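Values in this document were obtained by computation on a predicted structure and should not be read as measured data.
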Amino acid sequence: MAEREEDILSMNIYQRLAKVRKQVEVIQKNASGFNYKYVSEDEILARASGAMDKYHVSLIPKIVPGTFKVEPFVYDKSKVIKGEVLTEHITELMTTADMIMTWVNNDDPEDRIEVPWAMTGHQADGSQGFGTGLSYSYRYFLLKYFGIATPSDDPDSWRSKKNEADAAENKEICAAIIAQIDEKVHLYLADHPDDRERVTDFAKRYVKGGNYKLIDNPTLATKMLESLDTFTKETPAKKQEKK
């Protein structure tokens, strides 16, 4: 269900970022280079920027003053030519800096989150290394902050595995809650053996057929557990008095 504008305005920065994350939780790797696949910056920015605009948040990158460095970076690069291994000594410039990435609630700029981060990049030219470092830093900040999965082939397969993991976790949580429900029901029926049908009718509010052991939604199981104490205290005689 789409959020209303007034609902978005009532959200704090954490709630807004949680909504953004749901919009960008999986992106297929769509670019390749240097023998590996990766998610292009354009793809990440397109997804994230759209969600950030929707939920009125901005990301402000800032280099921590005094941490910016440009230093020589020397390494060897080998290649085989006509069966002979030739080694070339490469000298480039390594650019590094500490950064602060700040999330800002556009509707309340004082509502913000500052995250320590860093950048690094190397190229033959210092300015190119700086640009490379910023691009990588920004892209990987979005990937890591939102925990974005980047499957090489099929995003739907990733979602399926995630749903399976979520279902298994929900089942485990439900089992613990249902055990508590079961204990309370057995104690109640031990004192009120004629109320079995009443208990079933109560359980039907939460699961079809009244078999509460089939509940697979932790929220629903919790609601039933919370209501059970009131139910067990309200005997049929007391309900009749209310009428």
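With a 6.0 Å radius and a threshold of 12 heavy atoms from other residues, nucleotides or ligands, Phe68 has its CZ atom above the threshold. Within 6.0 Å of CD in Glu183 there are 12 or fewer heavy atoms belonging to other residues, nucleotides or ligands. The local environment of CZ in Arg196 is sparse, with at most 12 non-hydrogen atoms from other residues, nucleotides or ligands closer than 6.0 Å.
Inter-residue side-chain proximity for Leu134 and Met99 is flagged as met; some heavy-atom pair is nearer than 4.5 Å. Between Asn12 and Asn105 the shortest side-chain heavy-atom distance does not fall below 4.5 Å. Side-chain atoms of Glu92 and Asp125, non-hydrogen and from C-beta on, never get closer than 4.5 Å to each other. Side-chain contact between Phe73 and Leu93 is absent, with no heavy-atom pair separated by less than 4.5 Å. Two residues are said to be in side-chain contact when any heavy atoms from C-beta on lie closer than 4.5 Å; Phe130 and Met119 meet this criterion. Two residues are said to be in side-chain contact when any heavy atoms from C-beta on lie closer than 4.5 Å; Tyr55 and Gln23 meet this criterion. Looking only at side-chain heavy atoms (C-beta outward), Tyr145 and Arg21 stay at 4.5 Å or farther from each other. When side chains are defined from C-beta on, Arg16 counts as touching Asp107, because their heavy atoms get closer than 4.5 Å.
Once rounded to the nearest 0.5 Å, the distance linking CD of Gln123 with CE of Met94 reads 10.5 Å. Interatomic distance, CG of Leu142 versus OG of Ser137, reported as 9.5 Å (0.5 Å rounding). Interatomic distance, NE2 of His56 versus CG of Leu9, reported as 6.0 Å (0.5 Å rounding). The distance from the OH atom of Tyr212 to the CD1 atom of Ile177 is 14.0 Å, given to the nearest 0.5 Å. Here Ile173 contributes atom CD1 and Asp216 contributes atom CG; the two are 12.0 Å apart, rounded to the nearest 0.5 Å. Rounded to the nearest 0.5 Å, atoms OH (Tyr14) and CG (Asp111) are 8.0 Å apart.
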Begin from the C-alpha positions of Val199 and Leu189 and carry the test side chain to side chain contact (heavy atoms under 4.5 Å, CB included) through to its verdict.
CA-CA 8 Å; Val199 170; Leu189 289 178; 3.8 Å; yes
Stepwise side chain to side chain contact (heavy atoms under 4.5 Å, CB included) check, His192 with Thr232
CA-CA 10 Å; His192 306 84; Thr232 55; over 6 Å; no
Worked verdict on Ile90 versus Val74 for side chain to side chain contact (heavy atoms under 4.5 Å, CB included):
CA-CA 6 Å; Ile90 306 294; Val74 181; over 6 Å; no
Test side chain to side chain contact (heavy atoms under 4.5 Å, CB included) applied to Trp103 and Arg112, step by step:
CA-CA 5 Å; Trp103 289 110; Arg112 55 178 57 204; 6.0 Å; no
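Looking at Ile13, Val57, Ile60 one by one, the single match for side chain to side chain contact (heavy atoms under 4.5 Å, CB included) with Val104 turns out to be Ile60.
Remark: aromatic rings of Tyr140 and Trp117 are distant, center separation not under 6.0 Å.
Across every non-hydrogen atom of Cys174 and Ala221, the tightest pair is SG-CB, 4.4 Å. Of all non-hydrogen atoms in Ile63 and Ala97, the two that sit nearest each other are CG2-CB, 3.9 Å.
Ile178 and Leu187 are not part of a single hydrophobic cluster, where members link through side-chain heavy atoms under 4.5 Å apart. Phe202 and Leu214 end up in the same hydrophobic cluster when Ile, Leu, Val, Met, Phe, Trp and Tyr side chains are linked at under 4.5 Å. Follow the hydrophobic side-chain contacts under 4.5 Å out from Tyr136 and you reach Phe146 in the same cluster.
The pair Asp7-Lys19 does not meet the salt-bridge criterion, since no charged nitrogen lies less than 4.0 angstrom from a carboxylate oxygen. Look at Glu71 and Lys69 and you find no salt bridge, because none of the NZ, NE, NH1 or NH2 atoms lies under 4.0 Å from a carboxylate O.
With no hydrogens or angles considered, a side-chain donor-acceptor pair links Ser227 and Tyr206 at under 3.5 Å. Side chain to side chain, Thr87 and Asp76 fail the donor-acceptor criterion of an N or O pair below 3.5 Å.
Figure legend: Arg198 and Phe231 shown as a cation-pi pair, the cationic atom lying under 6.0 angstrom from the six-membered ring centre and within 45 degrees of its axis.
Side-chain N or O atoms of Thr95 include none that pairs as donor or acceptor with a backbone N or O of Thr120 at under 3.5 Å.
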